[in-house]
There are 2 protein chains.
Amino acid sequence: MTTHKQQREQQAKRPLRADTERTVQTILEAAERVLTTNPAATMEQLARAADVARTTVHRRFATREALLDELTGWAARQFADAVDTARPDAAPPLVALYQVTANVLSVKTHWSFAMNRAAEDAHPEAARIHAEVRATCARLFRRAQEAGVLRPDIDLDWTRRVYYALIHEAAKEGAGGGDTDALATRVVDTLLRGAGAPAGLAGQTGV
Amino acid sequence: MTTHKQQREQQAKRPLRADTERTVQTILEAAERVLTTNPAATMEQLARAADVARTTVHRRFATREALLDELTGWAARQFADAVDTARPDAAPPLVALYQVTANVLSVKTHWSFAMNRAAEDAHPEAARIHAEVRATCARLFRRAQEAGVLRPDIDLDWTRRVYYALIHEAAKEGAGGGDTDALATRVVDTLLRGAGAPAGLAGQTGV
DNA sequence: AAGACATGCAACATCAATGTTGCAAGTAGA
DNA sequence: TCTACTTGCAACATTGATGTTGCATGTCTT
């Protein structure tokens, strides 16, 4: 006799059967999809979204927490990949900035729930990864400042937070699968130039 | 005999006793405080934070929902006030922009949970108020654009969303009661000028 | 001081979500 | 084909949060 508990305990030791692996994927993707619009969704709802019985979900993930953790870790790794691929420490600052933005956007539009959750901690690996990315981002911005891309007088931490916020905002827009490159262009443009008209032009009636 | 249910049903009809009014205030403030860091906080936790028995909370608010709605409405009204006080339709665009930012920040640093929730809907009044504010904001930005404060080629809706995001970000920083004016200055500055160095200066090695 | 009202406390009822198990039926893979 | 594994289903146990009530005690208000 093999109880679910026992099955799960062996999960790590043995390779999964092909169809099972697919099921796990399906569940994770459905979970992401549902949780993005309703973070408090029930296991039942997640199961139905994956077109699977609730018990099946429990067979693969011991607890709800375990499922969320899996999602979180998955997204964090994708995140790290997206950043590294852009060669943030090697490419010229502006190029790297643009590339990082585009890559991250494409991940974030598809894994928005999991990525937000990762920032919360409670998941050591994800926390570590996000801290690393933050550091990488800080280095990139420092290089950008030294290269004259960013104003010398600006607060780099504030700038990084603004950058994150802009990406977050752009990701909402691109949720349905918009043009990542166009969004990235807009994010970088807004970050660097802002929305104001260059000083010294016509119509400065305010102040 | 007066059951709690009956008490609550009369709540609207009668003026509250002085100490009760204070209790209600205390509960709302404590709820805001706790929910900001833990949106899933229990009624028990909210009660303890207000230094009150759980039953007392239930006596004043029929359900958890009712409590949250009260918070939401309260915050929405403060929000509307903050915007209107800045004379967004009359003052010169830049002045209005700065003033609105400062006012909203001071509200948002103290009612961050309730303000975020208001955007979600489920509360007709709050939804209406937020829609109005959004419209006011749009008008202000249009005026700013016509006055040459904002670039003529920019997407005003994106700009508004960026503006909201910047305020949100600044509000996090000022949570402990930071200098609202300084934060507002930074928000407006970032929105208008961005973080980039003016074009045509030294060191444009990137791209 | 007296009546009305508010509070804390303890106990209870309900309910929804989580997690478990056994079993029958179906599928993967050798 | 045969075996091992997986799934759906139905049923159950548990838990934590919500909401209710009665009562004793204390505090306003007049």
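Here is the naming used below: chain letters follow the sequence lines, and residue numbers restart at 1 for every chain.
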side-chain N/O A:T42 vs C:dA17 OP1/OP2, d < 4.0 Å: yes
Does a nitrogen or oxygen in the side chain of A:T20 sit under 4.0 Å from OP1 or OP2 of D:dT6? yes
Does the distance from a Lys or Arg side-chain N to an Asp or Glu carboxylate O, for B:R186 and B:D189, drop under 4.0 Å? no
Taking for each residue the nucleotide of DNA chain D with the nearest heavy atom, is it B:D19 or B:E65 whose nucleotide lies nearer the 5' end? B:E65
Enter the distance from A:H168:NE2 to A:N116:CG here, rounded to the nearest 0.5 Å. 5.0 Å
Roughly how many Å is it from CG in B:L68 to P in D:dT18, rounded to a whole number? 10 Å
Can you check the A:R64 CZ to C:dA16 C1' distance for me, whole Å? 13 Å
Within this structure, what is the CZ-to-P distance between A:R54 and D:dT7, rounded to whole angstrom? 16 Å
For A:T136 and A:E132, which I'm curious about, is there any donor-acceptor pair between the side chains at under 3.5 Å? no
I'd like to know if A:D69 and A:R117 make a salt bridge, using a cut-off of under 4.0 Å between side-chain N and carboxylate O. yes
DNA chain C: 5'-proximal contact among B:V52 and A:A18 (nearest heavy atom): B:V52
Closest listed nucleotide, where the reference is the side chain of A:T55 and the choices are C:dG22, D:dC5, C:dT20: C:dT20
Whole-Å gap separating C1' (D:dA17) and CG (B:L67): 14 Å
Closest nucleotide among D:dA17, D:dG8, C:dG19 to the A:T63 side chain: C:dG19
Looking at the side chain of B:R59, which of D:dA4, C:dC9, D:dG19 is the nearest nucleotide? C:dC9
Taking the nucleotide of DNA chain D with the nearest heavy atom to each, does B:R22 or B:A41 sit closer to the 5' end? B:A41
When rounded to whole Å, the CZ to C1' distance for the pair A:R17 and C:dG29 reads 8 Å
Nearest whole Å is fine: how far is C:dT18 P from A:F61 CZ? 15 Å
Rounded interatomic separation in angstrom, taking CZ from B:R48 and P from C:dG8: 12 Å
Round to the nearest Å and state the distance from B:H58 atom NE2 to C:dT7 atom P. 15 Å
I need the single residue from A:T101, A:V104, A:T190 that forms a side-chain contact (heavy atoms from CB on, under 4.5 Å) with A:Y163. Which is it? A:T101
